[in-house]
Asker: 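Attaching a single structure in structure tokens format; questions to follow.
All figures in this text were calculated on a predicted structure; none of them were measured in a lab.
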Amino acid sequence: MKMDIEKSNKELVPQEIKTWQGRDEWFFNRKYTDTYEEYYEGPYKRAEIWQKDVLESLISKDKRVKTLLEFGCGTTRFTRWWQDIGIEATGGDISPFMLSQALFRFDGDLVMADSHHLPFKDKTFDAMAFITTFEYYKDPKKVIREAARVGKHGIIFGMMNRNTPKLIRRRAQQAVGKNNFYMTATFYTPNKLIKLIEEALPDRDFTIKWTTTGLPKWFPVQKWNVPLGDFFGLYVQFKDSGDE
């Protein structure tokens with residue numbers, strides 16, 4: 001008996017899905033997620049080195065941090081790096097396309113979830129991390145409160161700085177449809193982010209330190225405590241976690 005079998009393509013996540021939070025997002029588009037790592041291996045390599053230098057200098061001062069959850073981990077470009085400075089990292093992301101890349105690159109634990117509703121108990125990790133992902137959240141205060149709930153000792157941010165000459169170039173590229181990475185991004189300055197954190201966590205006791213990098217090659221320094229540069233790292237260190 002001959003049977004006609006109809007073949008169908010049943011993908012786990014259809015490529016047509018390109019939205020999150022009710023809007024198109026580049027990290028839900030395989031055109032960008034499948035080539036994300038190439039960007040870091042190319043024109044962004046020098047910037048990455050200095051970004052990691054800034055992040056390490058901030059979080060390494062808090063000796064209590066041994067475990068960390070990086071949310072918006074993407075392909076785990078930075079998640080893989082935390083172990084190099086003695087921190088055991090777990091990665092989380094809302095994008096199945098990013099996580100499909102991460103599975104082949106990262107040996108640690110990964111979770112697919114929404115940062116506005118973290119699927120972890122209170123104080124599960126010593127710290128939380130957001131590296132060039134916080135800019136895309138619709139309700140950033142809620143994300144901060146969730147991060148403070150899950151991260152026992154602190155939260156570290158790696159941010160695309162609004163105080164940079166490149167902001168003009170970013171917006172110009174958007175206007176002519178040349179750069180989809182920043183279409184839904186909100187750019188922060190250190191002061192703007194600090195104000196947001198203070199508003200989100202009025203009852204918490206913490207200190208904040210930050211450093212900026214992303215300066216021209218010819219500039220006499222490559223990181224400083226002036227709010228000018230392409231990128232800044234900021235660490236919120238909790239003083240009321242009960243384990244000083």
Side-chain angles (χ1 to χ4, degrees), residues 11-13 15 17-18 20 25-60 65-120 124-137 143 146-147 150-160 180-182 184-185 213-214 230-235:
E11 296 177 299
L12 179 62
V13 182
Q15 291 193 31
I17 294 180
K18 297 179 181 179
W20 179 55
E25 296 286 9
W26 67 266
F27 44 86
F28 266 69
N29 188 328
R30 286 190 58 182
K31 175 183 177 181
Y32 304 110
T33 60
D34 288 3
T35 58
Y36 186 75
E37 287 276 329
E38 296 174 11
Y39 183 64
Y40 274 101
E41 288 300 332
Y44 209 60
K45 189 66 178 178
R46 176 178 172 273
E48 179 191 17
I49 292 171
W50 281 104
Q51 289 171 8
K52 288 178 176 178
D53 182 274
V54 164
L55 295 171
E56 179 180 3
S57 67
L58 290 167
I59 200 168
S60 63
V65 177
K66 304 298 181 184
T67 63
L68 175 149
L69 171 64
E70 182 187 338
F71 225 86
C73 69
T75 61
T76 66
R77 184 72 187 191
F78 280 79
T79 320
R80 304 192 298 268
W81 164 76
W82 294 111
Q83 66 178 0
D84 294 344
I85 60 172
I87 298 175
E88 180 184 349
T90 296
D93 206 292
I94 191 66
S95 169
F97 302 127
M98 280 295 201
L99 289 176
S100 68
Q101 297 291 319
L103 284 170
F104 297 99
R105 294 178 166 87
F106 183 57
D107 293 331
D109 294 330
L110 294 167
V111 60
M112 187 170 74
D114 189 332
S115 54
H116 297 79
H117 309 280
L118 293 174
F120 297 98
T124 299
F125 300 91
D126 292 334
M128 284 286 303
F130 300 100
I131 311 302
T132 62
T133 184
F134 189 81
E135 294 86 349
Y136 297 96
Y137 297 136
V143 173
E146 274 291 271
V150 174
K152 183 177 182 180
H153 299 306
I155 310 170
I156 189 159
F157 297 85
M159 305 291 293
M160 292 179 280
N180 291 318
F181 290 100
Y182 305 132
T184 57
T213 186
D230 295 342
F231 176 96
F232 69 89
L234 183 148
Y235 184 56

Asker: From Thr67 OG1 over to Phe125 CZ, what is the distance, rounded to the nearest 0.5 angstrom?
Answerer: 6.5 Å

Asker: Which distance, rounded to the nearest 0.5 Å, do you find between the NZ of Lys152 and the CG of Asp126?
Answerer: 7.0 Å

Asker: Using a 4.5 Å cut-off on heavy atoms from C-beta on, say whether the side chain of Met128 contacts that of Val150.
Answerer: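 A side-chain contact exists here, since the closest heavy-atom pair is under 4.5 Å.
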
Asker: Flag the pair Tyr235 / Ile156 as yes when at least one side-chain heavy-atom distance between them is below 4.5 Å, and no otherwise.
Answerer: yes

Asker: Just by modelled atom types, is the Thr75 backbone N or O under 3.5 Å from a matching donor or acceptor in the Arg80 side chain?
Answerer: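 Pair found, side chain donor or acceptor close to backbone of Thr75.
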
Asker: I need the minimum non-hydrogen distance between Asp114 and Phe71, along with the two atoms involved.
Answerer: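 Closest pair (atom of Asp114, atom of Phe71, distance): C-CE2, 4.0 Å.
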
Asker: Calculate, to the nearest 0.5 Å, the distance between atoms CD and CZ belonging to Gln51 and Phe232 respectively.
Answerer: 12.0 Å

Asker: Give, for atom CZ of Arg77 and atom CH2 of Trp81, the distance between the pair rounded to the nearest 0.5 Å.
Answerer: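 Arg77 atom CZ to Trp81 atom CH2 measures 12.5 Å (nearest 0.5 Å).
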
Asker: Answer yes or no: is there a side-chain heavy-atom contact under 4.5 Å between Ile59 and Ile87?
Answerer: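 Touching, per the 4.5 Å side-chain cut-off.
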
Asker: Within a strict 4.5 Å, meaning less than it, do heavy atoms of the Glu135 and Met159 side chains meet?
Answerer: yes

Asker: Identify the two heavy atoms, one from Met112 and one from Ser95, that lie closest to each other, and give their separation to 0.1 Å.
Answerer: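 Taking Met112 first and Ser95 second, the nearest heavy atoms are SD-C, 4.5 Å.
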
Asker: To the nearest 0.5 Å, how far apart are OG1 in Thr76 and CG in Leu103?
Answerer: 9.0 Å

Asker: Tell me the closest heavy-atom pair linking Tyr137 and Ser115, and the distance in Å.
Answerer: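 Of all heavy-atom pairs spanning Tyr137 and Ser115, the closest is CE2-OG, 3.0 Å.
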
Asker: Tell me, please, which residues at least two apart from Phe157 pass ring-ring contact (aromatic ring centres under 6.0 Å, His included).
Answerer: Phe130, Phe134

Asker: Do Thr132 and Phe78 have side chains that approach each other closer than 4.5 Å (heavy atoms only, starting at C-beta)?
Answerer: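 They are not in contact (no side-chain heavy atoms under 4.5 Å apart), so the answer is no.
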
Asker: Would you say that more than 12 heavy atoms from the other residues, nucleotides or ligands in this model lie under 6.0 Å from the CG of Asp84, or not?
Answerer: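 Enclosed: over 12 neighbouring heavy atoms sit under 6.0 Å from CG of Asp84.
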
Asker: Taking all heavy atoms of Ala89 and all of Phe106, pick out the closest pair and write down the distance.
Answerer: O-CZ, 3.3 Å

Asker: Of all residues at least two apart in sequence or in a different chain, which pass the salt bridge (Lys or Arg N to Asp or Glu O under 4.0 Å) check with Asp109?
Answerer: none

Asker: Drop me the distance from Leu69's CG to Thr79's OG1, to the nearest 0.5 angstrom.
Answerer: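 Answer for the CG-OG1 pair, Leu69 versus Thr79, is 9.0 Å.
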
Asker: On a heavy-atom basis, which atom in Glu146 and which in Leu118 lie closest, and how many Å separate them?
Answerer: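 The answer is OE1-N, 2.7 Å.
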
Asker: Go through Leu99 and Cys73 one step at a time and tell me if the side chain to side chain contact (heavy atoms under 4.5 Å, CB included) criterion holds.
Answerer: CA-CA 8 Å; Leu99 289 176; Cys73 69; 4.1 Å; yes

Asker: Determine the minimum heavy-atom distance between Ala102 and Leu110, stating which atoms define it.
Answerer: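 Heavy atoms only, the tightest pair is CB-CD1, 3.9 Å.
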
Asker: Do Ile85 and Leu55 come close enough that some side-chain heavy atom pair is under 4.5 Å?
Answerer: no

Asker: Could Lys52 and Glu48 be called an ion pair, given the rule that one side-chain N must be under 4.0 Å from one carboxylate O?
Answerer: yes

